[in-house]
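Only a predicted model underlies this, so the values are computations on that prediction, with no experimental measurement involved.
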Amino acid sequence: MTLDIIIAVILDGIFAAVAAIGFAVISNPPRKALLGCAILAAVGHGLRYFLINQLGLDITTASLFAAFSIGLLSLWFADRIHCPAEVFAFPSLLPMIPGMFAYKTILGLMKFLTTPAAETQNAEIIADIMRNGLTTLFVLFALVLGVALPMFLFHKQSYMMTRLFRPKARRKTRALQ
């Protein structure tokens, strides 16, 4: 791994962190959660960038792994800060939404509807619409699946992370009374 790759991953993470803070501020979370959102976005987006550019994974698989890591880390931050894991996970995922693919899909649809071209050109436009549209859908599905899996796998822990007193601590305090 060269220095150029490390710098590119760090810069990608910094830009994602700035975007995640902007998205998080919209939903008015506690101030102590903003740093967690930024860290999660930087780690997730940086991981996706690394997986795509260094390991050659496609954007859907890389997004799945990045979203899974965001989901796991959001549970850890939820335990430390006593906020729901969703407060950290969702703003961190928003920078990974494939906006360019969605834009190209809509642009292709508009081009298809407005140009009376030959059948070969229409076939190319339809192929671009399908490629970009399906990529958008698959990446969105991977993001949802990746962030939801840790929350489903650790459902009991994710529920208890936002509580100040855990059941064991409650039993001890009841025994002392």
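Shown here for Met110 and Thr114, the closest heavy-atom pair between the two residues is O-OG1, 2.8 Å. Nearest heavy-atom pair, Pro91 versus Cys37, reported as atom, atom and distance to 0.1 Å: CG-SG, 4.1 Å. The shortest heavy-atom contact between Pro29 and Ala33 is CB-CB, 4.3 Å. For Ala20 against Ser92, the heavy-atom pair with the smallest separation is CB-CA, 4.2 Å. Nearest heavy atom pair, residue Leu51 against residue Ala62, reads CB-CB, 3.9 Å. Nearest approach of Pro95 to His45, heavy atoms of both residues: O-NE2, 3.4 Å.
Neither Phe15 nor Leu93 shares a network with the other; the hydrophobic side chains, linked directly or stepwise wherever heavy atoms of I, L, V, M, F, W or Y lie under 4.5 Å apart, form separate groups for each. Hydrophobic clustering of Ile, Leu, Val, Met, Phe, Trp and Tyr side chains at less than 4.5 Å, counting indirect connections, unites Leu64 with Phe141. Cluster membership for Val25 and Val18, using ILVMFWY side-chain heavy atoms within less than 4.5 angstrom, is not shared. Put simply, Leu73 and Val87 are part of two different groups of oily side chains (I, L, V, M, F, W, Y) that touch within less than 4.5 Å, one to the next. Following chains of ILVMFWY side-chain contacts shorter than 4.5 Å, one can reach Phe65 starting from Phe50, so the two form part of one hydrophobic cluster.
Screening Ile129, Asn132, Asp128 against Lys104 for a side chain to side chain contact (heavy atoms under 4.5 Å, CB included) leaves a single residue, Asn132. Among Leu140, Leu134, Thr135, the single residue meeting the side chain to side chain contact (heavy atoms under 4.5 Å, CB included) criterion with Phe101 is Thr135.
Remark: the backbone N or O of Val139 is not paired with any side-chain donor or acceptor of Ser63 at under 3.5 angstrom.
Put simply, the side chain of Met96 reaches to within 4.5 Å of the side chain of Ile70, judged on heavy atoms. The side-chain heavy atoms of Leu72 and Phe68, taken from C-beta on, include a pair separated by under 4.5 Å. For the pair Asn53/Ile5, no side-chain contact is recorded, criterion being any heavy-atom separation below 4.5 Å from C-beta on. With a 4.5 Å cut-off on side-chain heavy atoms, Phe138 and Pro98 do not count as touching. Contact check for Cys83 versus Pro30: side-chain heavy atoms found under the 4.5 Å cut-off.
The CD1 atom of Ile6 sits 12.0 Å away from atom CG of Leu11, with the distance rounded to the nearest 0.5 Å. Distance check: Arg31 CZ to Ile81 CD1 gives 14.5 Å after rounding to the nearest 0.5 Å. Taking CG of Asp12 as the start and CG of Leu47 as the end, the distance is 10.5 Å to the nearest 0.5 Å. Taking CZ of Arg80 as the reference point, atom NZ of Lys32 lies at 13.5 Å (rounded to 0.5 Å). Taking CD1 from Ile26 and CD1 from Ile21, the interatomic distance works out to 12.5 Å, rounded to the nearest 0.5 Å. In this structure, CG on Leu109 lies 9.5 Å from CD1 on Ile126, to the nearest 0.5 angstrom.
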